[in-house]
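In each ligand, atom 1 is the first atom listed, and ligand 1 is the first ligand listed. Only a predicted model underlies this, so the values are computations on that prediction, with no experimental measurement involved.
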Amino acid sequence: MPAEYLFAPPDVPAVAVTGESRLFPVRRIFCVGRNYAAHAAEMGVEADREAPFYFTKSAHAICPTGATIPYPAGTRDCHHEMELVVALGRGGAELAEAEAMALVFGYACGIDLTRRDLQAVAKDRRRPRDLGKDFDNAAVIAPITPAARFGVIGEQRIWLDRNGARVQEARLSDMIWPVPAIIAHLSRFYRLAAGDLIYTGTPAGVGPVGPGGALEGGIDGLAPVRLQIAPAG
Ligand code: MN
């Protein structure tokens, strides 16, 4: 007999897949901090080259590309962070880098929305980052492109336009921790599984997006990600 619930279970957060009618169901969302040296510098810190570090977002923070969202609650400084998102189609633990890419289902353009003012308070007071990073619509994502269609990660450009002006631009090869290293390292701390997403960090040029603002980001070979913030009032 199937389980009965007190109320309808929440919807399964999911992401569209290019060339495929079925959706990618989301399990966990991992995010890498400071994975581009120029972004670490603009945040006033040096990138830690000993090991990557992470924070997480709820799977229910997923926001599909093309959405118009209200300005996020509780902040006066909502920032955009354009990122490559890695979508896992298989799981594993304690993986070597040579095994890591076998887990990858595909890639997508994503925006890690950040309440920078709340993140700054958390940093100053040595509190958890959740209020700054994990909130409604904070994990914006475009359709996933299967890995075989994308090819090998290398010199692809990654960029973001805010209100029509280019503000972020780099190459995926600028990442301090490449994707196989991130997956292998994460797998020492979590049993990874199909449905996990990894936001791999943002290049320099992060900044505020206000009410009425528009974001459009791209990575060579992937579907673009777009977000509109509703006007004030
Ligand atoms: Mn980020």
Starting from the Mn ion (ligand 1), look over the N/O/S atoms of [X] and name the nearest one.
X	value
Glu81	OE1
Asp112	OD2
Glu83	OE2

Between [Y] and [X], does any NZ, NE, NH1 or NH2 come within less than 4.0 Å of an OD or OE carboxylate oxygen?
X	Y	value
Asp220	Arg157	yes
Arg28	Asp196	no
Arg116	Glu81	yes

Crowded around Asp11 CG? As in, over 12 foreign heavy atoms under 6.0 Å?
-> no
